[in-house]
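In what follows, a single structure is set out as structure tokens and then discussed.
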Amino acid sequence: MVLNSYRTGPDEKGHFGKYGGRYVSETLMPLVHQVEAAYRAAIKDPEYLRELDELNRVYIGRPSPLYFAERLTEQLGGAKVYFKREELNHTGAHKINHAIGQVLLAKRMGKTRVIAETGAGQHGVATATVAARFGLKCTVFMGAVDIERQKPNVFRMKLLGAEVKPVTSGSATLKDAMNDALRDWVTNVHDTFYIIGTVAGPHPYPMMVRDFQSIIGRETREQIMAAEGRLPDSLVACVGGGSNAIGLFHPFLDDADVDMFAVEAAGHGVDTDQHAASIAGGAPGVLHGNRTYLLQNADGQITEAHSISAGLDYPGIGPEHVWLHENERVRYVSATDKEALDAFRMCCRTEGIIPALESSHALAHIIRMAPKLPKEHLCVLNMSGRGDKDIFTVADALGAEI
Amino acid sequence: MSRLKSCFERLAGENRAAFVTFVTANDPDFGTSLEIVMGLPDAGADIIELGMPFTDPSADGPAIDRAAQRALASGGSMIKTLEMVRRFRAVNADTPLVLMGYFNPVYAYGIDRFTADAAAAGVDGLIIVDLPPEEDEELRVPAGKAGIDVIRLATPTSDDTRLPTILSGASGFVYYVAVAGVTGGKSATKDDISAAVARIKTHTDLPVAVGFGIRTPEQAADVASIADAAVVGSAIVSLIEGGLDNDNKPKKGMTEDVLTFTRKLADGVRKAKR
């Protein structure tokens, strides 16, 4: 099938081809419909858009710069590499982009409390931040394992006035945090808005979060035109749930000459049982409100993901990514824990930027890819987050003591 | 006539509500779970709901979540769940049995294979909590052809604009989730349940079962006086958990304790004034 456009999805029921949809308990269905109606009304309301625009500018600090990574480019000796510097945003990652959009929606809907799930803690920090900014109560669900490996972000959330609830069920990581967030939401439907942290969950979340994140790609388009006078040849982003990747990719999907690479977390290797690569190693299924690819066994039981990066440690992926994979518009590749760590160290020393372990996966692919490409090849990496939160994990992996 | 339909008709003739029990298949292990399920009809259960264990039961509270994890840890699977139904049906031809759970294990098993195997095993209905009317056609249609009812759920958030969506295409009975929340949480008041059941009945002729938050014989009796069925799950499942040792092996007398409690709940339902 040849598609006219890759940017028209989802359909009115929230499906991207076979994927997406609204697979939640009946108690939540009216609310999910209300969120969609409120979102569709909000994006037609000039006042909402003006406030969003203003906050993007003066609170997040947008636009984030597009930066020519000169020393890295020299060292790799091939493609010209740019970083889209989402790690310079307020709170240190791209997550704030959709947190602002959603909190404004929560306010419009008259909700007084927000909840969120978090893995690396970046989405939790972003949610706690906007909750503080707008005076809403905030509860963040976080796996007990992640709380241990992301202590700085846990304390940050608490400083911002959020309650951090440790989740001990299952593997005590991101998927279990999402289960508990859904349990909280269904119990507190009257006053609570669920700020989902990625392009997953029931419709309209995958669409809505994508729309808020697409500012990354829109700015990149303008910035690369200004810098180079043409569109890039390739885009590279890491993908767990896939919010930063879709944010960079979406505005370019219909530009046939722009290649896109989404880098999944291969953990100890996609041929082991210790990875978080849903496209490479998953199968279609239904979890957390949407149909997508999931890491699961033959009985349909969800298996535990593994990645050194807590933000990618999730056994699923946003439904639009699966659709883009099956339509072969975006290429889904992977990088192991070790490759990500090597990329992390290289970035620190060549560019003076400590990248998030999540973004280091994207960088690992660039390190493999760039040397084989000509010097005129323009490549944009989404530097989705900064790595200050990861220094303990990295120290541990390197056998260093802080 | 389907077992569900004849069950509700018979009980209407006796002027009483149905007592519905929920336990998770394979909790804590296949043999013990089968023994409990086999004993439920004699303990007064009119309809049996059997949980299909799932790793991520995001609509359930801690009691049923832990039951699912125990069931999976002892080798529970869709194949085992259906085998349990077959064994039950071999000795009980009449008691309706409804499978309850989440869509992914059904989908992974294969929908056509699942509806065929479930019908052959003797399953009468399905409650799939994360499959709302907007998404359930792919299961509801083949299930209907196999003679299995897909039970729709109504909740405190189902207003009069939502109810027609829920009830169009509903069959078997309507399951009213009495509280907005997860299983094993708060209890609704009798007045609230009564008003909700009356409202649902203005939209449908199907029997209305009420579950969530019913733990005691008194609460079961209250619900039985105003609805067509009362469902008890977490309270029974918690009793199973309480009767396990540190290795999740049943202590002596656990099954008897569970069935004795079930009998008390059933007596509550049977004594309810209507």
Side-chain angles (χ1 to χ4, degrees), chain A residues 12-15 18 20-34 117 167-171 175-192 201-203 283-292 294-304 315-316, chain B residues 52-62 65-66 68-69 71-72 75-81 101-110 114 127-136 138 152-159 161-163 165-166 175-177 179-183 185-186 212:
Chain A
E12 74 280 7
K13 287 185 169 174
H15 295 114
K18 285 190 300 188
R22 278 182 283 231
Y23 295 86
V24 291
S25 64
E26 181 55 39
T27 307
L28 289 176
M29 281 305 284
L31 187 59
V32 163
H33 282 288
Q34 284 163 23
E117 84 293 338
V167 176
T168 52
S169 61
S171 55
K175 88 172 167 80
D176 311 288
M178 197 149 180
N179 288 335
D180 270 17
L182 284 166
R183 289 175 180 129
D184 182 293
W185 201 24
V186 80
T187 309
N188 298 293
V189 273
H190 56 287
D191 69 352
T192 297
H203 179 61
V286 170
L287 182 71
H288 295 155
N290 57 177
R291 186 186 311 227
T292 187
L294 301 168
L295 300 182
Q296 56 183 315
N297 67 16
D299 192 45
Q301 306 299 337
I302 308 305
T303 52
E304 291 177 17
Chain B
M52 301 177 278
F54 182 46
T55 39
D56 293 81
S58 60
D60 282 298
D65 181 14
R66 287 196 299 265
Q69 308 307 335
L72 293 169
S77 66
M78 191 62 86
I79 287 170
K80 288 274 188 68
T81 300
Y102 295 78
F103 188 45
N104 202 54
V106 171
Y107 183 67
Y109 192 89
F114 174 77
I127 302 173
I128 308 295
V129 295
D130 58 351
L131 201 62
E134 282 84 344
E135 305 285 356
D136 77 359
E138 70 176 309
R152 292 271 180 81
L153 299 115
T155 79
T157 63
S158 312
D159 59 17
T161 58
R162 180 68 186 164
L163 279 173
T165 305
I166 294 168
Y175 188 130
Y176 178 64
V177 173
V179 288
V182 291
T183 51
K186 287 176 286 192
F212 280 50

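Letters A, B, ... are given to chains in the order of the sequence lines, protein chains preceding strands, and every chain is numbered from 1.
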May I ask you to test the [X]-[Y] pair for a side-chain heavy-atom distance under 4.5 Å?
{"X": "B:Phe54", "Y": "A:Ile302", "result": "yes"}
{"X": "A:Gln296", "Y": "B:Pro105", "result": "no"}
{"X": "B:Glu134", "Y": "A:His33", "result": "yes"}

Distance in Å, A:Leu182 CG paired with B:Asp60 CG, rounded so as to fall on 0.5 Å steps
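Atom-to-atom, A:Leu182:CG and B:Asp60:CG are 12.5 Å apart.
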
CG on A:Asn297 to OG1 on B:Thr55, rounded to 0.5 Å:
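It is 8.0 Å, given to the nearest 0.5 Å.
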
Name the option with the most non-hydrogen atom pairs under 4.5 Å to chain B; the candidates are A:Gln301, A:His15, A:His288.
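Option with the greatest count: A:Gln301.
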
Hey, which residues of residues 25-32 of chain A are touching chain B, say heavy atoms under 4.5 Å apart?
A:Ser25, A:Glu26, A:Thr27, A:Met29, A:Pro30

Going by salt bridge (Lys or Arg N to Asp or Glu O under 4.0 Å), name the residues that satisfy it together with A:Glu304, two or more places apart in sequence or in a different chain.
none

Can you name the salt bridge (Lys or Arg N to Asp or Glu O under 4.0 Å) partners of B:Asp56, sequence neighbours left out?
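Residues passing salt bridge (Lys or Arg N to Asp or Glu O under 4.0 Å) with B:Asp56: A:Lys175.
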
Compare every heavy atom of A:Val189 with every heavy atom of B:Ala180, then report the nearest pair and how far apart it is.
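Scanning both residues completely, I find the closest heavy atoms to be CB-CG2, 4.0 Å.
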
If you look at every heavy atom in A:Ser169 and B:Asp65, which pair is closest and at what distance?
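In this case the closest contact between A:Ser169 and B:Asp65 is CB-OD2, 3.8 Å.
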
Checking heavy atoms, do the side chain of B:Ile128, its backbone, both or neither come under 4.5 Å from chain A?
neither

Between B:Val129 and chain A, with a heavy-atom cut-off of 4.5 Å, which part of the residue counts as in contact: side chain, backbone, both or neither?
backbone

Looking at A:Val186, A:Asp180, A:Leu287, A:Asn179, which one forms a side-chain contact (heavy atoms from CB on, under 4.5 Å) with B:Ser58?
A:Asn179

Toward chain B, the part of [X] with a non-hydrogen atom under 4.5 Å:
{"X": "A:Pro202", "answer": "neither"}
{"X": "A:Val24", "answer": "backbone"}
{"X": "A:Ala283", "answer": "neither"}

Short side-chain to backbone donor-acceptor contact, B:Asp130 and A:Tyr23, under 3.5 Å
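Judged by distance alone, no pair lies under 3.5 Å.
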
Can you tell me which of [options] forms the most heavy-atom pairs within a distance under 4.5 Å of chain A?
{"options": "B:Pro53, B:Pro57, B:Pro133", "answer": "B:Pro57"}
{"options": "B:Gly185, B:Ala108, B:Gly181", "answer": "B:Gly181"}
{"options": "B:Asp159, B:Leu131, B:Ile166", "answer": "B:Ile166"}

With sequence neighbours excluded, residues passing side-chain hydrogen bond (donor to acceptor under 3.5 Å, both in side chains) with B:Glu138
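side-chain hydrogen bond (donor to acceptor under 3.5 Å, both in side chains) check on B:Glu138 returns A:Arg291.
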
